[in-house]
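All ligand and atom numbering here is 1-based and tracks the order in the structure. Quick caveat, the model's predicted, so the values are computed rather than measured. Scope of the values below: all heavy atoms of this structure, side chains included, with no hydrogens, waters or symmetry mates.
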Amino acid sequence: MQKKTVRDINVARKRVLVRVDFNVPLDMNSGAISDDSRIRASLPTIRYLIDHKARVILCSHLGRPKGEVVEELRIAPVANCLSQLIGLPVNAVADSVGQRIENEVSELKQGDILFLENVRFHSEEEANDPYFAQKLAQLADVYVNDAFSAAHRVHASIVGVAKYLPAVAGFLMEEELNAMSKLLTSPAHPFACLIGGAKVGDKIDLIQNMLKRIDILLLGGGMAATFLKAQGHEIGHSLVEKDKLNLAQELLQEAEEWKVPLILPVDMVVADEIKVNTVTKVVSISDIPPTGWLVDIGPKTVELFSNELRKCHTIMWNGPLGVYEIAQFAQGTRSLAELLSSVNAVTVIGGGSSAEIVHEMGLTDKMTHVSTGGGASLRFLEGLPLPGVEALPNKI
Ligand code: ADP
Ligand code: MG
């Protein structure tokens, strides 16, 4: 990676402001953290700083408080969770900037960890207010960005602050960028993209940017319906993005021009309704009834996709292949997640839902890389710059 990292600077005795993305899911009833994987993902950076005698100041957003203090979105429970995971005290303070916080920071000793309050309690954060960015910068001597999953945001703690301090990438940022850029620049071939998710519109730019790099494209999920319709198939009640039909046709043609086989499902699970305990049946795509919803890929498609994926040396997966939130419609997605965890290939998972499934199935360690950033990884693979990464200087 070209960006400077924590390895390239001296952090001993320095006050180090670390932007992490600990925007973890909270249980609606209890407020408990339901998935701590984002916190775990930044542990290597925090541990490294502690081991190298830094004074650590952490900064994160949590949820969408929209510039106001929201009690349920205070950072303290997240700081507690980190404290347990890292086995060290973590002092959560009640604001992100100002005299009181500066006093707290001045008390920090080597190896201490202070956690600033949810930075989105200040509207200046999302507005990338330069004065607010300066106030954050005043707290520290060095800035480390480990928040890959927020790197597509032009916010004060991500972009603004990097102007006022020596800035470097953390290990998670480095790992994410390495995994993603390898896909764009030097993937081992054959290289397959497996793409699902709800809508074609969300993934068009991704598909277009990947077509010139891949050897095969496998499509499932809600968007498959639009492609099947574009090929003249019946698709029942399934949501077809009418304005996207032409786009689907164009993509089919583009794939042909790049000589990339675009493989669509050959059978689908059709449900009477999109809800639990409904009647389902598996039909071939030539027998889709005019009523019913296409909710998952069928077993023949799982087999077809699996056979193709087994031949590949690199696989990028983004988006569930069915309405996986309902267990009955999750089989296709689960089978392919299982397959990816067993193949002898570089496997990179992007997309919030896809990553969630992999974590939930306990397969994370069997994949080469599971991105912590849905929106950020999508943007990166679309070939667009990430403002939070652009703000970091290159190695000399
Ligand atoms: P990711 O977060 O992994 O990038 P997306 O956000 O693009 O994935 O899409 C996730 C959503 O796609 C899920 O909520 C899932 O229910 C939906 N989806 C997948 N397949 C279908 C389908 N056949 N019909 C309707 N929605 C679907
Ligand atoms: Mg998503």
Quiz item: Would Glu360 and Arg334 pass as an ion pair if we require N to O under 4.0 Å?
Solution: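 Result for this pair is yes, salt bridge flagged.
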Quiz item: Hey, are Lys259 and Glu256 close enough for a salt bridge, meaning a charged N less than 4.0 Å from a carboxylate O?
Solution: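 Answer for the salt bridge query: no.
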Check ligand 1 against [X] and write out every atom of the ligand that is under 4.0 Å from a heavy-atom position of the residue.
X	value
Gly221	20 (N), 21 (C), 22 (C), 23 (N)
Gly319	3 (O), 8 (O)
Ser354	3 (O)

Practice problem: For residues Ile214 and Val260, report the shortest heavy-atom separation together with the two atoms involved. | Solution: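 Heavy atoms only, the tightest pair is O-CG2, 3.5 Å.
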Practice problem: State, to 0.1 Å, how close Asn394 and Lys4 come at their nearest heavy-atom pair, and which atoms those are. | Solution: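 Heavy-atom minimum between the residues: O-CG, 3.9 Å.
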Nearest neighbour in protein (non-hydrogen) for [atom]:
atom	result
atom 15 (C) of ligand 1	Glu325 OE1, 3.5 Å
atom 21 (C) of ligand 1	Gly222 N, 3.1 Å
atom 8 (O) of ligand 1	Pro320 CD, 3.4 Å

Exercise. Measure centre to centre between the rings of Phe329 and Tyr324, then say whether the value is under 6.0 Å.
Key: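 That pair fails the under 6.0 Å test.
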Practice problem: Kindly identify the option in Ile349, Thr333, Val323, Asn318 whose heavy atom sits closest to atom 27 (C) of ligand 1. | Solution: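 Minimum heavy-atom distance to atom 27 (C) of ligand 1 goes to Val323.
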Quiz item: When you measure from atom 19 (C) of ligand 1 to each heavy atom in Gly322, Ala198, Gly352, which option holds the nearest one?
Solution: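 Nearest heavy atom to atom 19 (C) of ligand 1 lies in Gly322.
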Self-check item: Result of checking Thr5, Thr372, Thr45 against Asp146 for side chain to side chain donor-acceptor pair (under 3.5 Å)
Solution: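 Passing option: Thr45.
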Exercise. Consider only side-chain N and O atoms of Asp267 and Ser284, and report whether a donor and an acceptor are under 3.5 Å apart.
Key: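 Absent: no donor and acceptor within the cut-off.
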Short N or O distance, [X] and ligand 1, threshold 3.5 Å exclusive:
X	answer
Lys203	yes
Gly350	no
Leu294	yes
Ser353	yes

Exercise. Among Leu172, Asp21, Val20, Asn23, find the one that has a side chain to side chain contact (heavy atoms under 4.5 Å, CB included) with Ser149.
Key: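 Checked Leu172, Asp21, Val20, Asn23 against Ser149; only one passes side chain to side chain contact (heavy atoms under 4.5 Å, CB included): Asp21.
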Quiz item: Should Gly374 be listed as contacting ligand 1, given a heavy-atom distance under 4.0 Å as the test?
Solution: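 No; Gly374 lies far enough from ligand 1 that no heavy-atom distance drops under 4.0 Å.
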Quiz item: Are any of the side-chain heavy atoms of Gln2 and Lys395 separated by less than 4.5 Å?
Solution: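 Not touching, per the 4.5 Å side-chain cut-off.
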Quiz item: Applying a 4.0 Å heavy-atom criterion (strictly less than), which segment of Lys199 is in contact with ligand 1: side chain, backbone, both, or neither?
Solution: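 Answer for Lys199: neither.
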